[in-house]
Amino acid sequence: MQAVQPIQTTDKATKPMENREPFLTIEGVSKVYPTSQPEGYTVLKDVNLTVYEGEFICLIGHSGCGKSTLLNMVSGFNKPTDGEVRLQSKRISEPGPDRMMVFQNYALLPWLTSFENIYLGVDSVYPNKSKAEKDKIVRDHLAMVGLSEAADKKPTQLSGGMKQRVAIARALAIRPQVLILDEPFGALDAITKEELQEELLKIWNDYRCTVLMITHDIDEALFLADRLVMMTNGPAANIGEVMDIHFPRPRNRTRIMEDPEYYELRNYALDYLYRRFAHDDTE
Ligand SMILES: Nc1ncnc2c1ncn2[C@@H]1O[C@H](COP(=O)(O)OP(=O)(O)OP(=O)(O)O)[C@@H](O)[C@H]1O
């Protein structure tokens, strides 16, 4: 039997990787939402994370700890109260085509076809490309997610998995540097979810963009991520630990699940979430 390696975690989340420049930097980020109380509600306090180019990062933590708030500050839809988020050396202050988000509820425009939903983003980011070039980008991305046949269908004519494929194609069609996924497979059945996880890994392998993904599913994180960021509970949540996931790529689900380290990591994350940072959801 293969020897089990010690689980590598860090509480600093800024561990330097050999000779690599930080790509995305979350530095001293706090967020306070206004409330009727003068001090407001501190969701996040002093969050620090360094992400390297091409990494696949999953983020896990109990409901309400501030995961979406944190990723919304990377997307630029939300702003830190203190601290800053930088992409390369540029401070993020607003949304931009270098960072695209995919949400659990797909967020497709219901009156547009799959083709038109993707075209809309391509057209706004590449206004100087010809119609033929833009059409080709859309067709290539529909093909990438296996939906060429569904180009003319509207969201109501698509299954949940198909809608999420369109949303992923739409995000990637404009070639973002960072893909931000907020529980993208949370509403899908188990089989569709596994299919899409595998497709996402293939696409990420081809594109090599940097991925930040919120999930509630430890197995999903272990299959997809290079590192699993584990949040503490709110209020004033931050990053408790970061777990390194070293399974070789390309990943094969069966092979990973036969690896004794899989259960070591899984149990470690479960223990973190349900014992050390147990959360009373009735609160
Ligand atoms: N715009 C806002 N104004 C005030 N409070 C907010 C706002 N957005 C989020 N919150 C609060 O901040 C906390 C964190 O919310 P957030 O959605 O970031 O958590 P989460 O970890 O992503 O939760 P979940 O896993 O349930 O999606 C919650 O208590 C939420 O009610």
Side-chain angles (χ1 to χ4, degrees), residues 11 13 24 26-49 51 56-85 92-95 99-107 160 163-164 167-168 171 178-188 190 193 196-197 200 211-225 227-243 269-283:
D11 54 0
L24 180 76
I26 297 172
E27 192 171 277
V29 163
S30 299
K31 181 72 191 180
V32 181
Y33 285 121
T35 63
S36 53
Q37 304 301 313
E39 67 276 17
Y41 178 71
T42 302
V43 183
L44 297 168
K45 192 160 174 21
D46 197 23
V47 177
N48 294 287
L49 179 68
V51 177
F56 198 127
I57 301 284
C58 276
L59 208 72
I60 209 160
H62 289 291
S63 185
C65 71
K67 303 178 293 297
S68 300
T69 298
L70 185 62
L71 293 202
N72 280 332
M73 292 192 277
V74 177
S75 69
F77 287 115
N78 203 335
K79 287 196 171 67
T81 311
D82 277 310
E84 64 179 29
V85 184
I92 293 170
S93 58
E94 58 184 3
R99 288 152 285 129
M100 288 302 292
M101 273 196 95
V102 173
F103 302 94
Q104 181 177 349
N105 63 2
Y106 326 117
K163 281 189 259 203
Q164 203 51 296
I168 291 171
V178 184
L179 180 64
I180 302 164
L181 304 151
D182 193 342
E183 271 196 82
F185 308 140
L188 303 177
K193 184 174 174 172
L196 276 181
Q197 288 166 355
L200 177 64
V211 178
L212 299 180
M213 173 169 159
I214 296 174
T215 179
H216 281 112
D217 180 342
I218 292 171
D219 295 303
E220 177 167 271
L222 290 177
F223 181 54
L224 296 175
R227 288 192 288 157
L228 175 59
V229 171
M230 298 185 280
M231 308 274 299
T232 63
N233 294 336
N238 61 22
I239 293 172
E241 286 189 29
V242 180
M243 177 192 274
L270 283 170
D271 185 66
Y272 177 94
L273 283 175
Y274 298 109
R275 194 182 62 80
R276 290 166 55 204
F277 285 91
H279 184 255
D280 181 358
D281 286 321
T282 59
E283 273 170 14

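Atoms within each ligand, like the ligands themselves, are counted from 1 in listed order. In what follows, every heavy atom counts, from backbone to side chain, and hydrogens, waters and symmetry copies are set aside.
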Q. Listed by chain and number, what are the side chain to side chain contact (heavy atoms under 4.5 Å, CB included) partners of Cys58, not counting sequence neighbours?
A. Phe56, Met213, Thr215, Ala221, Ala225, Leu228
Q.
Among residues at least two apart in sequence or on other chains, which ones pass side chain to side chain contact (heavy atoms under 4.5 Å, CB included) with Tyr274?
A. His62, Leu270
Q: Compare all side-chain heavy atoms of Thr69 with those of Tyr33 and state whether any distance is below 4.5 angstrom.
A: yes
Q: Please examine the side chains of Gln164 and Val102, heavy atoms only from C-beta on, and report whether any two atoms are closer than 4.5 Å.
A: yes
Q. Near ligand 1, which residues have a heavy atom under 4.0 Å away from one of its atoms?
A. Tyr33, Tyr41, Val43, His62, Ser63, Gly64, Cys65, Gly66, Lys67, Ser68, Thr69, His216
Q: Go through the structure and list residues passing side chain to side chain contact (heavy atoms under 4.5 Å, CB included) with Val32, not counting sequence neighbours.
A: Thr42, Thr81
Q. Hey, does the side chain of Asn233 reach the backbone of Ala278 with a donor-acceptor pair shorter than 3.5 angstrom?
A. yes
